[in-house]
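Notes to accompany the following structure.
Index from 1, following the sequence. From a predicted model like this one, the values you see are computed outputs, not experimental measurements.
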Amino acid sequence: MTRTAGGSGTSSRPDRRADGVPSDARGVDRTSWTRVGGIQGAPLDLLTARIGRRHYAPHAHDEYAIGVTVDGTETMLYRGERIYSAAGSVVVIEPGEAHTGGPARPEGFAYLCLYPAAELLGAATAAEAGPVPAAPHFANPIIDDRGLGEALRLAHHALRLGADPLEGESRLLGVLGTLVRRHAASGPKAVPAHRGAESGRIARTVAARLSDELTAPPTLAEVAADLGLSRYQLLRAFRDAMGMPPYAWLAQHRVARARSLLDAGHRPAEAATLVGFADQAHLTRWFRRVLGVTPGVYRNSVQDSTYRRPSF
């Protein structure tokens with residue numbers, strides 16, 4: 001059985017639908033993370049959220065983010081375009097792709113999401129006929145497939161409750177296999193025109209340096225001078241390649257590193273210091289902007305999750 005920890009919102013306990021999303025209230029932000037163990041030998045994170053007013057800061061995930069909007073309409077910036085996801089739509093964000101997210105209308109929206117690694121998508125489709133790409137590419141992030149959306153909702157619900165691990169894992173692999181078979185592009189991932197080779201090279205160099213000097217990062221002028229660029233040229237190249245400016249990339253990278261430290265049992269204040277945030281409050285602000293919950297709530301949800309042995 002897994003346990004969850006909730007995010008921001010009122011202290012009352014609203015009625016909940018079967019998918020776990022609160023049914024109350026406009027303008028209330030409620031977010032919970034659940035970690036499930038034993039999925040192909042690795043943990044899998046699940047998110048349940050109702051977003052009233054908050055907008056996520058630009059960020060990227062190491063894994064796929066595969067979700068379904070269950071109420072309202074979400075809007076996000078993804079691959080240089082503003083896109084919308086209505087109730088019933090499936091959303092697929094590929095690893096490393098910068099994106100935002102927030103309500104398109106005043107009443108907000110609700111969604112469920114899971115974060116599988118590329119290896120899990122490959123495992124889910126290994127038995128399918130025909131070649132299967134190692135890292136499936138989805139040209140369209142918004143997929144209008146109501147049957148798949150409902151199957152994803154049911155798989156998320158079964159995994160989150162944890163009453164029958166075999167059911168949850170079976171539903172999950174079925175959903176991922178269907179997703180890849182029906183909607184993955186047959187060709188390799190296309191590189192957007194605005195992400196030229198030179199911009200990519202510059203951005204990778206800058207990102208590597210910021211990661212190496214996480215707690216005492218160089219100034220923009222220092223990095224630009226070392227690369228023989230103006231600050232404007234560096235900013236433009238980095239934004240074109242990464243979808244966000246260097247300071248935002250550094251903040252979300254610090255959040256990712258802090259998340260790993262919280263997983264390992266560090267307290268939020270310790271994690272904040274180790275990844276270079278000024279203090280715990282600074283970490284908390286960015287943690288909520290990227291993940292929707294505070295570091296303490298996230299740490300509790302990870303620690304409270306009971307890992308199950310894999311059933312296959």
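When all heavy atoms are compared, the tightest approach of Leu121 to Pro116 is CD1-CG, 3.5 Å. The minimum heavy-atom distance between Ile51 and Pro103, with the atom names listed, is CG2-CD, 4.0 Å. When all heavy atoms of Cys113 and His156 are compared, the closest pair comes out as O-NE2, 3.3 Å. Across all their heavy atoms, Ala60 and Met244 have their closest contact at N-CE, 4.5 Å. In plain terms, the two heavy atoms of His61 and Ala65 that are nearest each other are CD2-CB, 3.9 Å. When all heavy atoms are compared, the tightest approach of Gly168 to Ala158 is CA-CB, 3.9 Å.
In this structure, the separation between OG1 on Thr31 and CG on Leu291 is 9.5 Å, given to the nearest 0.5 Å. From Asp240, atom CG reaches atom OG of Ser199 across 5.0 Å, with rounding to the nearest 0.5 Å.
Checking Arg35 against Ser301 by side-chain atom types alone, no donor-acceptor pair falls below 3.5 Å. Judged by distance alone, the side chains of Thr100 and His55 never bring a donor and an acceptor atom under 3.5 Å apart. Judged purely by distance below 3.5 Å, without hydrogens or angles, the side chains of Asp145 and His183 pair a donor atom with an acceptor atom. Side-chain contact of Arg160 with Thr34: a donor-acceptor pair under 3.5 Å is absent, judged by distance alone. Counting only N and O atoms by type, the side chains of Thr69 and Ser85 include a donor and acceptor under 3.5 Å apart.
Side-chain atoms of Tyr115 and Tyr64, non-hydrogen and from C-beta on, never get closer than 4.5 Å to each other. In this structure, the side chains of Arg204 and Arg201 come closer than 4.5 Å at one or more pairs of heavy atoms. Counting heavy atoms from C-beta on, the side chains of Leu112 and Leu152 never come closer than 4.5 Å. The side-chain heavy atoms of Leu120 and Leu172, taken from C-beta on, include a pair separated by under 4.5 Å. Counting only heavy atoms from C-beta outward, the side chains of Pro217 and Arg254 approach each other to under 4.5 Å. Using a 4.5 Å cut-off on side-chain heavy atoms (C-beta onward), Phe109 and Thr73 make no contact. In this structure the side chain of Trp33 never reaches within 4.5 angstrom of the side chain of Leu46, judged on heavy atoms. With contacts defined as side-chain heavy-atom distances shorter than 4.5 Å, the pair Thr284/Arg288 qualifies.
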In sequence, state the C-alpha distance, the side-chain angles, and the governing distance for Leu227 and Gln233, and then conclude on side-chain contact (heavy atoms from CB on, under 4.5 Å). CA-CA 10 Å; Leu227 293 176; Gln233 288 173 316; over 6 Å; no
Working for salt bridge (charged side-chain N to carboxylate O under 4.0 Å, His left out), residues Glu94 and Arg79: CA-CA 10 Å; Glu94 295 189 1; Arg79 294 175 179 163; 3.3 Å; yes
With side-chain contact (heavy atoms from CB on, under 4.5 Å) as the criterion, how do Tyr111 and Val68 come out once you've worked through the C-alpha distance, each side chain's angles and the decisive distance to 0.1 Å? CA-CA 6 Å; Tyr111 71 109; Val68 57; over 6 Å; no
Test salt bridge (charged side-chain N to carboxylate O under 4.0 Å, His left out) on Arg259 and Asp62 and set out the steps. CA-CA 12 Å; Arg259 184 178 175 187; Asp62 293 332; over 6 Å; no
Give the C-alpha distance, both sets of side-chain angles, the deciding distance and a yes or no for side-chain contact (heavy atoms from CB on, under 4.5 Å) between Ile66 and Leu179. CA-CA 10 Å; Ile66 301 174; Leu179 173 67; 3.6 Å; yes
Derivation and outcome, side-chain contact (heavy atoms from CB on, under 4.5 Å), residues Leu234 and Val223: CA-CA 8 Å; Leu234 187 150; Val223 178; 3.4 Å; yes
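Of the charged side-chain nitrogens involved, none lies within less than 4.0 Å of a carboxylate oxygen, so that Arg105 and Glu74 do not count as a salt-bridged pair. Arg299 has no carboxylate O lying under 4.0 Å from a charged side-chain N of Asp263, or vice versa, which leaves the two without a salt bridge. A salt bridge is defined here as a Lys NZ or Arg NE, NH1 or NH2 lying under 4.0 Å from an Asp or Glu carboxylate O, and Asp279 with Arg285 fails to meet this definition. Remark: Glu150 does not engage Arg146 in a salt bridge, criterion side-chain N to carboxylate O under 4.0 Å.
When ring centroids are compared, Tyr298 and Phe287 come within the 6.0 Å threshold.
Partners of Phe138 by ring-ring contact (aromatic ring centres under 6.0 Å, His included), not counting sequence neighbours: none found.
The cluster map of Ile, Leu, Val, Met, Phe, Trp and Tyr, joined by side-chain heavy atoms under 4.5 Å apart, puts Val206 and Leu229 in the same cluster.
Side chain of His266 to main chain of Leu262: no donor-acceptor pair is present (N/O by atom type, distance under 3.5 Å, no hydrogens or angles). Panel note: side chain Ser170, backbone Glu167; no donor-acceptor pair is recorded below 3.5 Å. Arg231 places no side-chain N or O within 3.5 Å of a backbone atom of Ala221 that could act as its donor or acceptor partner. Between the side chain of Glu213 and the backbone N or O of Leu210 there is no donor-acceptor pair closer than 3.5 Å.
Using cut-offs of 30° and 60° on the angle between ring planes, the pair Tyr56 and His59 is tilted.
Residues Met76, Tyr78, Ile83, Val91, Ile142 make up the rest of the hydrophobic cluster containing Ile93, defined by ILVMFWY side-chain heavy atoms closer than 4.5 Å, directly or through other members.
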